[in-house]
Q: 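Before anything else, here's the structure in question.
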Amino acid sequence: MINKTMFELGSTQSIIRELHEQKCEVDLTIGNPSAPTPSALTEALIELAKEGDHSYTQDMGDATVRESVCRSLKNRFGVEMTKELVYMTCGAASALTISLKAIVNAGDEVIIFAPYFPEYTVYVEGVGATARIMPAKEDFSLNLEALRASISSKTKAVIVNSPNNPSGVVYSEEEIASLAAILRSYGAFLISDEPYREIAYEKPVPYPAKFYQNTLTCYSYSKSLSLPGERIGYIALSPDMPNASEVMCAIKGAGRTLGYICAPALFQKAIAKCEDVMPFIDLYKKNRDTLYDALSAMGYEAVRPDGAFYLMVKSLEEDSVAFAKNAARIGLLVVPTDDFGAKGYIRIAYCVSHEDILKSIPLFQKLYDAYSSRSEKINLDKLRLRLR
């Protein structure tokens, strides 16, 4: 017999992937960066390919590459790192699953703040732990009150994601410091998922490892360097972690168990040559400002994102899944956020071309007008007919 749990996971898709595979005039579902890959990275890949060295690296990654990661972290955040604290991975998903496998035992609890990336629960439950969701606050800031009421001796780790997917919120230094103070009393690990770290606008993004010694930083270059299909990232342990060498041994063991060793050598070496290349922030900021301003002017409610390239907008009806279906009927694909732990909203990925942003605006207006013209008692059947 096959593993029933794995069968059920493989028989379904995340809501994001499911909607993305539909065909519509404007697709705002998936976080696939439209910004061009930096020319420095393209040139590095060409140079490395010509050299023709496709050998295995060390299990935990090429030593020179890991030293490059350490230099960048020191230069940017003032964190003294050594290559022994860095493990190269196939993106952030690999970094998260390895980290959880390394530190979690069956029966442990992992706390997740809503709104959150839906695959977190899959990763947590996949290592035999229980995911405890902290309810979303109205402004999508960290719900530290809920954390204080929920954390216990069973809590092995807390996952934090800033800039946040799906809200685009950047957690402040005060929030991260308060989170660290709570965790310090219990000795729980902090898993900081940071694939959007470089995509921030007006607000600085704190580096959680500077605030809490038991931090595992999970990073991906997918968004910052427009490399979502290449899957390259790393795990970095806080240099102040008391048992860092033991945790790294567990990470290496988890990598072996999961088959996640020797991340792609070509891309390891390429990112080492582009460690401090920044993304094309202005492209995303232009899209954010255009879309947020237009939707706000129409009457939609949203929290202005400080980072990433997502915008959460309040659904015009209680059932956000039905609202997303109505949007699809007029050629507009958006993601309902029920699976993100925040019912009543949709997530818009504005990492598309600016042309697509402009094309989406009249569709959002059409959708808003259709809902605005309803009688006091909503007749969804008539609404759907009107949207066809």
Q: Can you tell which of F280, Y292, Y284, Y201 makes a ring-ring contact (aromatic ring centres under 6.0 Å, His included) with F309?
A: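 It is Y284; the other options fail the test.
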Q: Please find the pair of heavy atoms, one from P362 and one from L358, that lie closest to each other, and give the distance.
A: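 Where P362 meets L358 most closely, the heavy atoms are CD-O, 3.2 Å.
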Q: Quick check: do V335 and I346 have side-chain heavy atoms less than 4.5 Å from each other?
A: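 In short, these two side chains do not touch, never coming nearer than 4.5 Å.
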Q: Does the pair D62 and Q58 meet the rule for a side chain to side chain donor-acceptor pair (under 3.5 Å), with working shown?
A: CA-CA 6 Å; D62 182 88; Q58 292 175 283; over 6 Å; no
Q: Okay, side chain of R66, backbone of G61: is any donor-acceptor separation there less than 3.5 Å?
A: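 Yes: the side chain of R66 pairs with the backbone of G61.
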Q: Would you say R256 has more than 12 foreign heavy atoms packed within less than 6.0 Å of its CZ?
A: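 No - once you tally the heavy atoms of other residues, nucleotides and ligands closer than 6.0 Å, there are 12 at most.
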Q: In sequence, state the C-alpha distance, the side-chain angles, and the governing distance for Y371 and N326, and then conclude on side chain to side chain donor-acceptor pair (under 3.5 Å).
A: CA-CA 10 Å; Y371 273 85; N326 285 332; 2.7 Å; yes
Q: Is there a side-chain contact between P239 and L85 in this structure, where contact means two heavy atoms from C-beta onward sitting under 4.5 Å apart?
A: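 Yes, side chains in contact.
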Q: Could E202 and R288 be called an ion pair, given the rule that one side-chain N must be under 4.0 Å from one carboxylate O?
A: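 R288 and E202: salt-bridged.
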Q: For a quick test of reading the model, state the closest non-hydrogen atom pair linking P115 to F140 and the distance between them.
A: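 Between these two residues, the closest heavy atoms are CD-CD2, 3.8 Å.
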Q: Report yes or no: do L190 and Y123 belong to one cluster of Ile/Leu/Val/Met/Phe/Trp/Tyr joined by side chain heavy-atom distances under 4.5 Å?
A: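 No.
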Q: Indicate yes or no for a side-chain donor-acceptor contact from D59 to the backbone of K252 under 3.5 Å, with no hydrogens or angles considered.
A: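 Not at all, since once roles are kept as given, no pair shorter than 3.5 Å links the two residues.
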Q: Using the salt bridge (Lys or Arg N to Asp or Glu O under 4.0 Å) rule, take E275 and R71 through it: C-alpha gap first, then chi angles, then the decisive distance, then the call.
A: CA-CA 9 Å; E275 189 64 53; R71 280 195 303 273; over 6 Å; no
Q: How many angstroms lie between atom OG of S220 and atom CD of E230, to the nearest 0.5 angstrom?
A: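 Nearest 0.5 Å value for the OG-CD distance: 11.0 Å.
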Q: Would a single hydrophobic cluster contain both F77 and I176, if residues Ile, Leu, Val, Met, Phe, Trp and Tyr are joined by side-chain heavy-atom contacts under 4.5 Å?
A: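 No; F77 is not reachable from I176 via cluster members.
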Q: What's the spacing between T57 OG1 and M88 CE if we round to 0.5 Å?
A: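 Reported value, rounded in 0.5 Å steps: 8.5 Å.
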Q: Should M312 and I30 be counted in the same cluster of Ile, Leu, Val, Met, Phe, Trp and Tyr side chains packed under 4.5 Å apart?
A: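 Result: no, two separate clusters.
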Q: Check the orientation of Y120 and Y116. Use parallel for under 30°, tilted for 30 to 60°, and perpendicular for over 60°.
A: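 Parallel, since the angle between the ring planes stays under 30°.
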Q: Taking the side chain as every heavy atom from C-beta outward, state whether Y219 and S192 have any pair of such atoms under 4.5 Å apart.
A: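 In short, these two side chains do not touch, never coming nearer than 4.5 Å.
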Q: Given the rule in the side-chain contact (heavy atoms from CB on, under 4.5 Å) test, do D338 and V321 qualify, once you have shown the distances and angles that lead to the verdict?
A: CA-CA 8 Å; D338 294 42; V321 175; 4.2 Å; yes
Q: Can you check side chain to side chain donor-acceptor pair (under 3.5 Å) on R184 and N214, steps first, answer last?
A: CA-CA 9 Å; R184 204 167 283 120; N214 280 339; over 6 Å; no
Q: Between S34 and V352, is there a donor-acceptor pair closer than 3.5 Å when you use the side chain of the first and the backbone of the second?
A: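 Judged by distance alone, yes, a pair lies under 3.5 Å.
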Q: Counting C-beta onward and ignoring hydrogens, is there a side-chain heavy-atom pair between E194 and K223 closer than 4.5 Å?
A: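 No. Closest side-chain heavy atoms not under 4.5 Å.
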Q: Would the distance check show the side chain of T37 and the main-chain N or O of S226 forming a donor-acceptor pair, the cut-off being under 3.5 Å?
A: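 Indeed, once roles are kept as given, a pair shorter than 3.5 Å links the two residues.
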Q: Are the side chain of R197 and the backbone N or O of S162 linked by a donor-acceptor pair below 3.5 Å?
A: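 No.
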Q: Is the number of heavy atoms from other residues, nucleotides or ligands under 6.0 Å of E8 CD greater than 12?
A: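 More than 12 within 6.0 Å, yes.
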Q: Assess whether atom NZ of K137 is packed by more than 12 heavy atoms of other residues, nucleotides or ligands within 6.0 Å.
A: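 Counting neighbours around NZ of K137, more than 12 heavy atoms of other residues, nucleotides or ligands fall under 6.0 Å, so yes.
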Q: Looking at D289 and K285, does any basic side-chain N land under 4.0 Å from a carboxylate oxygen?
A: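 A salt bridge is present here (some side-chain N lies under 4.0 Å from a carboxylate O).
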Q: Using side-chain heavy atoms (C-beta onward) and a distance below 4.5 Å, is M241 in contact with V247?
A: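 The answer is yes, as the side chains (C-beta and beyond) meet within the 4.5 Å cut-off.
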Q: Measure the shortest side-chain to side-chain distance between L295 and L311 over non-hydrogen atoms and say whether it is less than 4.5 angstrom.
A: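 They are in side-chain contact.
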Q: Quick one, E198 with R76, criterion salt bridge (Lys or Arg N to Asp or Glu O under 4.0 Å). Give me CA distance, side-chain angles, the key distance, then yes/no.
A: CA-CA 11 Å; E198 279 68 48; R76 297 186 60 200; 2.5 Å; yes
Q: Tell me if a side-chain donor or acceptor on R132 pairs with a main-chain N or O of E109 at a distance below 3.5 Å.
A: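 Side chain of R132 to backbone of E109: no pair is present.
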Q: Would you check if M81 and V86 make a side-chain contact, meaning some heavy-atom pair closer than 4.5 Å?
A: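 The answer is yes; the side chains approach within 4.5 Å.
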Q: Does a side-chain heavy-atom distance below 4.5 Å link F113 with V158?
A: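 Side-chain contact under 4.5 Å: yes.
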Q: Could you go through Y300 and Y368, starting from their C-alpha distance and side-chain angles, then the distance that decides it, and tell me whether this counts as side-chain contact (heavy atoms from CB on, under 4.5 Å)?
A: CA-CA 8 Å; Y300 286 97; Y368 189 88; 3.5 Å; yes
Q: Would you name the heavy atoms of S172 and P206 that are closest together and state the gap between them?
A: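 Of all heavy-atom pairs spanning S172 and P206, the closest is C-CG, 3.8 Å.
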Q: Compute both the distance and the angle, then confirm whether R231 meets the cation-pi test with F267: under 6.0 Å from the six-membered ring centre, within 45 degrees of the axis.
A: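 Here R231 fails the 6.0 Å and 45° test against F267.
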Q: Take E173 and Y207, measure what side chain to side chain donor-acceptor pair (under 3.5 Å) needs, and give me the verdict at the end.
A: CA-CA 9 Å; E173 285 195 2; Y207 188 61; over 6 Å; no
Q: What's the shortest heavy-atom distance between N164 and Y310, and which atoms?
A: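 The pair with the smallest heavy-atom distance is O-CD1, 4.4 Å.
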Q: For V26 versus D356, what's the shortest heavy-atom pair and its separation?
A: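 The answer is CG1-O, 3.8 Å.
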Q: Any Lys/Arg nitrogen of E80 or K74 sitting under 4.0 Å from an Asp/Glu carboxylate oxygen of the other?
A: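 Yes, E80 and K74 are salt-bridged.
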